[in-house]
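This report refers to the structure that appears directly beneath it.
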Amino acid sequence: MNVVTIGETMALFTPDQNGLMRYAHSYSRKFGGAESNMAIGLARLGHQAGWISRVGDDELGKAMLHFIRGEGVNTDCVTFDKEAPTGLYFKEFRKAGDIRVQYYRKGSAASRLSTADLDENYIKQADYLHISGITPALSSSCRNMLPEAVKTAKEHGVTVVFDPNLRRSLWSEEEARSTLLELAALADIVLPGIDEGDFLFGTKNPDELGRLFLQQGAGDVVLKAGSKGTYHFNKNGSAFIPSFDVETVVDPVGAGDGFAAGYLSGLIDGLSTENAVQRGNAVGALVTQAEGDVEGLPERGDVEALVNKDSGTEDVRR
Ligand SMILES: O=C(O)C(=O)C[C@H](O)[C@H](O)CO
């Protein structure tokens, strides 16, 4: 297994018409969850990814498992929870550039994840353990589980990758800040966005953020600056890798997960850090071109076509 990830996936309902969702009568049902989005992204690029989760023992949970397994992600460590339902979320396209999400996930099956769901043998066979800052916001058992997962990974030399994925609606600012900082300190690689860096450290200055995350304990800091590009910092210095131009953003949700998949794909393939970041930028850009959290995740040929066509290859080691 190249990467094992842990987290909640929800059934995602999108109104079939744009505008205020109160007028919607029909919805498309998709699936979305930061960690499984990333795992599907990896599988689509030809890598082996495993997902640890709990889903409701209900029709949506069963459909979700079929879908994610069908995408080529290993689901051996996904449990059906008989006591709690699969979480839901709605994505409302109000108008161009105004997309809102509404969660119905409190008490969901995945919020009941705990250390009992961690299988040492499953985690230890991976090269990377990927975790996100959404999981600890779901419940105290989820919150306690992540440091344990990290401990298991570290005992077996598995590299820990942490994407803060700040979701303000799920918890208080104080709780979010202290927990995300704790997890960032445990990770080998952190993948924050500039706004998340600002939330955690009170600055949007990339160099400052790079320094602060390194000081916090990460070995590699991959700082996403949206449509501008991505900064990379480690003890040897820093680089800026520009983004790829996209004409219209159809749906930005999931772009960060796509970035993580592309970046990890690059590392797994042994690319230089800059080229791995560039692959992350390419996958992130392509995700925004289709509606849905995973529908735009590209196959390898699409990524190569974009990388080879574009001038995004300019990378400056600073
Ligand atoms: O918002 C969440 O918690 C999700 O996991 C749903 C989406 O798939 C995710 O936000 C995309 O990154």
Side-chain angles (χ1 to χ4, degrees), residues 5-14 27-44 49 51-56 60-61 63-64 67-68 71 73 78 85-93 99-113 130-139 142-143 145-146 161-171 175-176 179-180 183 190-193 195-196 199 222 224 226 249-264 280 283-297:
T5 186
I6 313 174
E8 173 163 44
T9 300
M10 293 163 288
L12 157 60
F13 290 88
T14 312
Y27 298 79
S28 299
R29 198 269 290 131
K30 304 170 195 275
F31 294 107
E35 300 82 3
S36 64
N37 298 343
M38 189 285 311
I40 291 171
L42 281 170
R44 216 165 277 176
W51 174 56
I52 301 174
S53 194
R54 297 182 85 80
V55 302
L60 289 172
M64 180 192 293
F67 173 72
I68 294 176
E71 288 292 333
V73 174
V78 178
T86 301
L88 310 182
Y89 107 91
F90 288 76
K91 194 194 281 182
E92 180 187 30
F93 288 80
I99 299 176
R100 305 194 188 182
V101 301
Q102 175 77 43
Y103 298 127
Y104 295 84
R105 66 196 306 185
K106 213 173 166 110
S108 67
S111 74
R112 289 155 51 86
L113 277 162
H130 167 271
I131 55 172
S132 100
I134 300 172
T135 310
L138 302 179
S139 67
C142 284
R143 193 166 167 171
M145 171 184 68
L146 288 190
V161 185
F162 173 57
D163 189 336
N165 261 327
L166 173 64
R167 298 290 180 270
R168 288 175 188 266
S169 64
L170 296 179
W171 49 354
E175 259 188 312
T179 308
L180 298 182
L183 290 169
V190 289
L191 307 174
D195 288 343
E196 289 166 337
F199 173 78
V222 182
K224 297 169 283 182
V249 171
V250 177
D251 179 359
V253 180
D257 311 326
F259 175 87
Y263 171 65
L264 288 177
V283 175
L286 290 166
V287 167
T288 68
Q289 302 301 287
E291 194 191 309
D293 297 7
V294 297
E295 285 73 358
L297 285 163

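Computed over heavy atoms, backbone and side chain alike; hydrogens, waters and symmetry mates excluded. Just so it is clear, the model here is predicted, and its values are computed rather than measured. Just follow the structure's listing: the first ligand is 1, and inside any ligand the first atom is 1.
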Side-chain contact, heavy-atom cut-off 4.5 Å: [X] with [Y]?
X: V294; Y: E71; value: no
X: F67; Y: T9; value: no
X: V101; Y: M10; value: no

As an exercise, state the distance from [atom1] of [X] to [atom2] of [Y], rounded to the nearest 0.5 Å.
X: F199; Y: L180; atom1: CZ; atom2: CG; answer: 6.5 Å
X: L297; Y: I40; atom1: CG; atom2: CD1; answer: 7.0 Å
X: L170; Y: N165; atom1: CG; atom2: CG; answer: 10.5 Å
X: I131; Y: L183; atom1: CD1; atom2: CG; answer: 5.0 Å

In terms of atom number and element, which parts of ligand 1 are under 4.0 angstrom from non-hydrogen atoms of [X]?
X: V253; result: 11 (C)
X: I134; result: 2 (C), 3 (O), 5 (O)
X: G32; result: 8 (O)

Counting only nitrogen or oxygen atoms and a 3.5 angstrom limit, does [X] reach ligand 1?
X: R105; result: yes
X: M10; result: no
X: G33; result: yes

For [atom], grab the closest protein heavy atom and report residue, atom and distance to one decimal in Å.
atom: atom 5 (O) of ligand 1; result: A34 N, 2.9 Å
atom: atom 7 (C) of ligand 1; result: D293 OD2, 3.2 Å
atom: atom 12 (O) of ligand 1; result: D257 OD2, 2.7 Å
atom: atom 1 (O) of ligand 1; result: Y103 OH, 2.4 Å
atom: atom 10 (O) of ligand 1; result: R167 NH2, 2.8 Å

Side chain, backbone, both or neither: which applies to N37 and ligand 1 if a contact is any heavy-atom pair less than 4.0 Å apart?
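For N37, the contact with ligand 1 is made by the side chain alone.
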Just heavy atoms, cut-off under 4.0 Å: does K91 contact ligand 1 by side chain, backbone, both, or neither?
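For K91, no heavy atom sits under 4.0 Å from ligand 1.
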Relative to each other, are the rings of Y89 and Y103 parallel, tilted or perpendicular (30° and 60° limits)?
tilted
Would you name the heavy atoms of T5 and A39 that are closest together and state the gap between them?
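Heavy atoms only, the tightest pair is CG2-CB, 4.1 Å.
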